[in-house]
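Note that the structure is a prediction, hence the values are computed from the model and not measured. Note: hydrogens, waters and symmetry copies are ignored here, and every other heavy atom, side chains too, is used.
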Amino acid sequence: MNKIEIEQIEKIIGIKFNKKKILEQAFTHKSVSKAIEINNERLEFLGDRVLGLVIAGNLNKIYPTDSEGQLDKKLALLVNKSTCAKIIQDLKLNNFLNLSKSQKKNKFGNEKIFGDLCESLIGAVYLDQGFEITNKVVLKLWKNKFNKISGNIIDPKTKLQEYSLKKFKKLPIYKNISNHGPSHKPIFKVSVNITGSKAYIAEGRSKKIAQSLAAKKLLQSLKI
C-alpha cells in the first residue's frame, strides 16, 4: 500500500493514523500472508468486539424502552457481515484491499471478506486512536443504518416463516451445511428454501445468525 492509497483511506474515514503500518495490516488479507503480524485476522477479532460494544451502547441510548430481545435483534442486523460488507462497498474501501491473485479471481466469499475488512479497520482505528475516536468513526459510518432501524423489527426468519405458512402452509427448510474456523470463533454455513424456491446459502458466527442471513437473501429474491 503506497502513501497515496493510505491518504485516500484516511480521507474517506476522516482520521489520520499515527501508525500507518496498522492501517496497512487492516487491509492485508490472509491470502497474501498467513503471518499473524502481517494479515488482518487479529485486527478483525478485535474490531468485531469493539463494533459490538459501540453499537450496543448506542442502541441502549436511543431505544431506552426496548426489551433485551428487541435490542438483540437490532444489534444482529447492524453488526452482521452483510451490513459490514455493504459499508465497505459503499465507501469503495474494498478497492484498497490487498488480496492474492487467486483470491481476486475467486469472487465467492467476497461478502465475508469485505465484512472482515470492516471489522479489521475498526480494530486498527481502536489500536491507533483509542475508544473515543473509534466510537465517533463507527457512529458516523453507521448513521444511515441506525436511521433505517424501525421500532418494530420483524427478523428475516420470522418474516419468511410467516410468508411460507401463509402461502404454502409449510415451514421453511433450513439445513446445516458445515462449520469451520477456530473453535473460539466458528463460522456456520446453512441453507434455506421454501416451496418452489432454490436454496439460499449464508454464513454467520452462529447458526441463528447464518439462518437469519439466508432467510434475508431468500426474502430479497422474492422482493419481500
Minimum heavy-atom distance F17-Q129, with the two atoms named: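 That would be CA-NE2, 3.9 Å.
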[atom1]/[X] to [atom2]/[Y] distance, rounded to the nearest 0.5 angstrom?
X: I22; Y: L121; atom1: CD1; atom2: CG; answer: 11.5 Å
X: K216; Y: Y200; atom1: NZ; atom2: OH; answer: 14.5 Å
X: H29; Y: D116; atom1: NE2; atom2: CG; answer: 6.5 Å

Compare all side-chain heavy atoms of [X] with those of [Y] and state whether any distance is below 4.5 angstrom.
X: Y174; Y: L160; result: yes
X: E10; Y: L23; result: yes
X: L171; Y: Q161; result: yes

N-O pairing of E41 and K30 below 4.0 Å: yes
Lys/Arg-Asp/Glu bridge criterion (N-O < 4.0 Å) met for E119, R205: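 Salt bridge flag = yes for R205 with E119.
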Under 3.5 Å: donor-acceptor pair, side chain of N98, backbone of F27: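 Here the side-chain-to-backbone pair does not exist.
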Heavy atoms of other groups near E37 CD, more than 12 under 6.0 Å: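 Count over threshold, so yes.
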Within one Ile-Leu-Val-Met-Phe-Trp-Tyr cluster: L218 and I177, side-chain cutoff 4.5 Å: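 Unlinked, L218 and I177 end up in two clusters.
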